[in-house]
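In what follows, every chain begins at residue 1, and chains take the letters A, B, ... in the order their sequences are listed. What you see is a predicted model; the values in this text were computed from it and never measured.
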Protein chains: 2
Amino acid sequence: MPKMTPDRLDHIFSALADPTRRAILARLALGTTSVSELAEPFQMSGPAVTKHLKVLERAGLIIRGREAQFRPCTLDAAPLKEATDWLERYRRFWEESFDRLEEYLQEVQTNGEKDVRGSSRDK
Amino acid sequence: MPKMTPDRLDHIFSALADPTRRAILARLALGTTSVSELAEPFQMSGPAVTKHLKVLERAGLIIRGREAQFRPCTLDAAPLKEATDWLERYRRFWEESFDRLEEYLQEVQTNGEKDVRGSSRDK
DNA sequence: AAGTTAAATAACCGAATGGTTCAATGCCAA
DNA sequence: TTGGCATTGAACCATTCGGTTATTTAACTT
């Protein structure tokens, strides 16, 4: 019931789980820029963008600077390498997945449905 | 202003953002198994595991079957390919990151008076 | 000194998460 | 048929998330 120490991957993956944040990263791939320029494509208040930036910062995906009244954001893609490194361990599964899954689904479809939720009546 | 249609990547990345679910995937990499065997390593109630499985299912990462009173889970790693495909677009950034980031941090720490507005375009 | 602009904070809100317990369902076995 | 096991469902709870508006801080501009 206490919370476990959040893994770095938790922060990285959950930062990537939001389309706004992925779009921000895409913009930052074009170069360092200010918060208001980052906010511009979204119809969203400034503070909302600030919060997204905090999430990205917590994940280590951006580095913030200070220049006059601006707080420029710079992409730091290093954590994305951690994410891919984790995903790499599963590569063989999606490469083999045709065989394995087809085999499994074949077996299941002979006597079952793909339905899972909903009230399951006896058959 | 309400919620935008959730991207597939949203579901995939947020499924991966939890250590319990990553552990479940790791176990499933060893082969199809039942819910209670999946639950065994965790100090967590059954329904909690069921909820995690629903999240994984929503992300398309597992396929559920029926076998007597068991509901076996099988890994489907295909969505992980989508995730890596997305991440691949940033590979060059973490490969170059030494140069770019060092350069940036150097620049910021020595003299913080470079213009950041419209860094990649003329204003 | 006053005003403008960039951004962050604070306080708030509704919805989603991650967990719980207790009850129901489906399936097998004695 | 009765009982037990595997699993899900329902209701509940605390926390987090993603957004809002209003206020505040900081730096430039006039």
- [ ] Starting from the 5' end of DNA chain C, give me the residue, B/R58 or B/S45, whose nearest nucleotide shows up first.
- [x] B/R58
Open item on the list: From CZ of A/F42 over to P of C/dA7, roughly how many Å is that when rounded to an integer?
Closed with: 15 Å
Task: Whole angstrom value for the distance that separates C1' of D/dC17 from NE2 of B/H11 - done: 15 Å
Task: Salt bridge present between B/D85 and B/K81 (N-O < 4.0 angstrom) - done: yes
- [ ] Using atom CG of B/D18 as one end and atom P of C/dA16 as the other, report the distance to the nearest whole Å.
- [x] 18 Å
Task: Separation of D/dG9 P from B/K51 NZ (nearest whole Å) - done: 11 Å
Open item on the list: Tell me whether B/E88 is salt-bridged to B/R91, with the criterion being a basic N under 4.0 Å from an acidic carboxylate O.
Closed with: yes
Task: Value in whole Å for how far the C1' atom of D/dG9 lies from CD of B/E57 - done: 15 Å
Task: Distance below 4.0 Å between B/R21 side-chain N/O and C/dG18 OP1 or OP2 - done: yes
TODO: Using only side-chain N and O atoms of A/K54, determine if any of them is under 4.0 Å from OP1 or OP2 of C/dT9.
DONE: yes
N/O to N/O distances under 3.5 Å, protein versus nucleotides 3-7 of chain D:
from  : atom 1 : to    : atom 2 : distance (Å)
D/dT7 : OP1    : B/V35 : N      : 3.2
D/dT7 : OP1    : B/R71 : N      : 3.4
D/dT7 : OP2    : B/S36 : N      : 2.6
D/dT7 : OP2    : B/S36 : OG     : 2.5

Open item on the list: Using whole Å, what does the distance between atom P of nucleotide C/dA8 and atom NE2 of A/H52 come to?
Closed with: 13 Å
TODO: Select from A/A17 and A/P47 the residue whose nearest nucleotide in DNA chain D is closer to the 5' end of that strand.
DONE: A/A17
Task: Length of the line joining B/F13:CZ and C/dT17:C1', which is rounded to integer Å - done: 19 Å
Open item on the list: Please pick, from D/dT20, C/dC27, D/dA27, the nucleotide with the shortest atom-to-atom distance to any side-chain atom of B/A68.
Closed with: C/dC27
Open item on the list: Measuring only between side-chain heavy atoms, which start at C-beta, is A/V35 closer than 4.5 Å to A/V49?
Closed with: yes
Open item on the list: Regarding A/E57 and A/R64, does a basic nitrogen lie under 4.0 Å from an acidic carboxylate oxygen?
Closed with: no
TODO: Write out all pairs satisfying ring-ring contact (aromatic ring centres under 6.0 Å, His included) with one or both partners inside residues 13-43 of chain A, taking only residues at least two apart or from two chains.
DONE: A/F13-A/W86
TODO: May I have the distance from B/L56 (atom CG) to C/dT17 (atom C1'), rounded to whole angstrom?
DONE: 14 Å
Task: Within-4.5 Å side-chain heavy-atom neighbours: B/L75 and B/I63 - done: no
Task: Proximity to the side chain of B/R66 - top-ranked nucleotide from D/dT20, C/dG19, C/dC27 - done: C/dC27
Task: Which residues share a side-chain hydrogen bond (donor to acceptor under 3.5 Å, both in side chains) with B/E37, sequence neighbours left out - done: B/R27, B/T33
